[in-house]
Structure formats: C-alpha cells, structure tokens
Amino acid sequence: MGMGKHVNRRRRTAAGERLYDHMVVDDETECWIWTGATNASGYGRIGVWRDDGRCTNAATHRVSYEYDIGPIPDGLQIDHLCRNRLCFNPKHLEPVTPSENARRAKSAITHCPSGHPYSGDNLIQRKGRRLCRECRNIYNRAYIARKKAERG
Ligand SMILES: [Zn+2]
Ligand SMILES: [Zn+2]
C-alpha cells in the first residue's frame, strides 16, 4: 500500500464524518436521511477531495458504506434495502452486481402499468418475468373480438 492510498483513505474518512452534519433519523424505519445536496435522480451528493487536490462529488450512500464498512468491490453497486434513496444508514446498504440491482428495482414494483397487483391469482410468472393476468385477459378478449370481426 503506497502513500497515495493512505491520503485518499483519510480524505474519504473526512467526508464520511461530514455526512452526520446533514442527517435526520427516521425513528420508524431507522433510515438516516440525507438533508444536503442531491442529484437529478434523488440521491445525496457530498463533496470529496480527490488525490490530485480537486473537489469532486460522490454519492452519500457510497461514502457512508466505505466509511463505516469498507471499500466497495470493483464493479458493484450499492443497493438500498430500504428503497429510500436519501438513506445512508450502512445497515440498509448492500453491494450487489448491476444485474441484481436492476432485478431488485423491478421486483419493488408491485403493480402492472394499469394498476393491477402483481400478486395472488393475478400474477403470472414466465421465464423470470412477471405478467398481469387481468391485462392478459383484456388483451385476449380484444384479440378474440378482432378475429371474430375479421371472419365476419
Ligand atoms: Zn434506510
Ligand atoms: Zn394489469
């Protein structure tokens, strides 16, 4: 481990400590909610000094994870188990692969685009995809009606 890494680590630690200056704790969920700057996607941003002395922005949940738990393995994303993008409680954060993260984001969607629930009898599982039975029935009825009309 070289000198550069050591300096970098100290700077990251400083950013980690500054997180607590802009935080409210949700008593019910135990989410640590960031009250500082955010980006367009609704994630918290915090200024971090880079090795070259310039300041850059980093995602608060990533800074928090590295400060509290350790380096995030290369190529992994940090998933919010609580689904609250502003939360930086390390207990609510888990490093996952981008494909696992996308899968989880999808399964967080509980209703089809028409508002029918993806649950119980209405849920059809096919090749890892979730389909809405109600929507399929609507589609099938329309299809049958069209075919009948074509036949005259
Ligand atoms: Zn949380
Ligand atoms: Zn539907």
Side-chain angles (χ1 to χ4, degrees), residues 8-50 55-151:
N8 184 41
R9 178 148 184 81
R10 189 153 51 78
R11 285 184 174 141
R12 279 183 183 281
T13 301
E17 273 158 13
R18 275 188 287 122
L19 284 171
Y20 306 105
D21 296 340
H22 307 274
M23 162 173 97
V24 288
V25 176
D26 186 319
D27 289 337
E28 228 163 88
T29 60
E30 290 180 353
C31 284
W32 300 357
I33 298 159
W34 172 250
T35 58
T38 57
N39 70 5
S41 307
Y43 289 99
R45 307 300 285 172
I46 189 167
V48 177
W49 294 101
R50 296 194 313 202
C55 191
T56 184
N57 273 319
T60 47
H61 58 287
R62 292 182 71 92
V63 171
S64 178
Y65 186 91
E66 295 202 319
Y67 177 58
D68 228 60
I69 294 172
I72 298 165
D74 274 348
L76 294 194
Q77 299 176 340
I78 294 294
D79 181 37
H80 279 92
L81 299 172
C82 59
R83 310 247 69 87
N84 183 347
R85 290 179 176 188
L86 287 178
C87 174
F88 63 93
N89 183 344
K91 287 189 194 133
H92 296 184
L93 304 173
E94 187 188 10
V96 292
T97 61
S99 63
E100 171 65 9
N101 204 13
R103 196 193 64 76
R104 288 184 185 182
K106 237 190 206 169
S107 68
I109 298 169
T110 57
H111 289 72
C112 82
S114 297
H116 311 122
Y118 280 138
S119 60
D121 284 349
N122 195 49
L123 174 65
I124 305 169
Q125 302 259 24
R126 192 152 298 166
K127 291 178 187 165
R129 284 180 60 211
R130 296 178 306 165
L131 301 170
C132 170
R133 188 177 303 278
E134 182 76 31
C135 283
R136 274 188 77 87
N137 288 345
I138 292 167
Y139 175 85
N140 286 344
R141 277 199 294 272
Y143 180 80
I144 290 163
R146 205 164 59 236
K147 285 288 163 197
K148 269 188 183 164
E150 276 171 20
R151 269 186 245 126

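The structure displayed is predicted, hence computed values, not measured ones. Just so you know, ligand 1 is whichever comes first in the structure, and atom 1 is the first atom listed for that ligand. Along the sequence shown, residues are numbered consecutively beginning with 1.
For the pair R104 and E100, the salt-bridge criterion is met [side-chain N within less than 4.0 Å of a carboxylate O].
Angle SG(C132) to the Zn ion (ligand 2) to SG(C112): 120° [nearest 10 degrees]. The SG atom of C87 and the SG atom of C82 subtend an angle of 110° at the Zn ion (ligand 1), given to the nearest 10 degrees.
For H92, the N/O/S atom at the shortest distance from the Zn ion (ligand 1) is named ND1. Atom ND1 is the N/O/S atom of H116 found closest to the Zn ion (ligand 2).
Using cut-offs of 30° and 60° on the angle between ring planes, the pair W32 and F88 is perpendicular.
Among the atoms of H80, no N, O or S atom is found under 2.8 Å from the Zn ion (ligand 1).
Residues C82 and T29 fail the side-chain proximity criterion, which asks for heavy atoms closer than 4.5 Å. Residues R130 and I109 have side chains in contact (heavy-atom distance under 4.5 Å, counting atoms from C-beta outward).
Residue H80 holds its NE2 atom at 10.0 Å from CG of N101, rounded to the nearest 0.5 Å.
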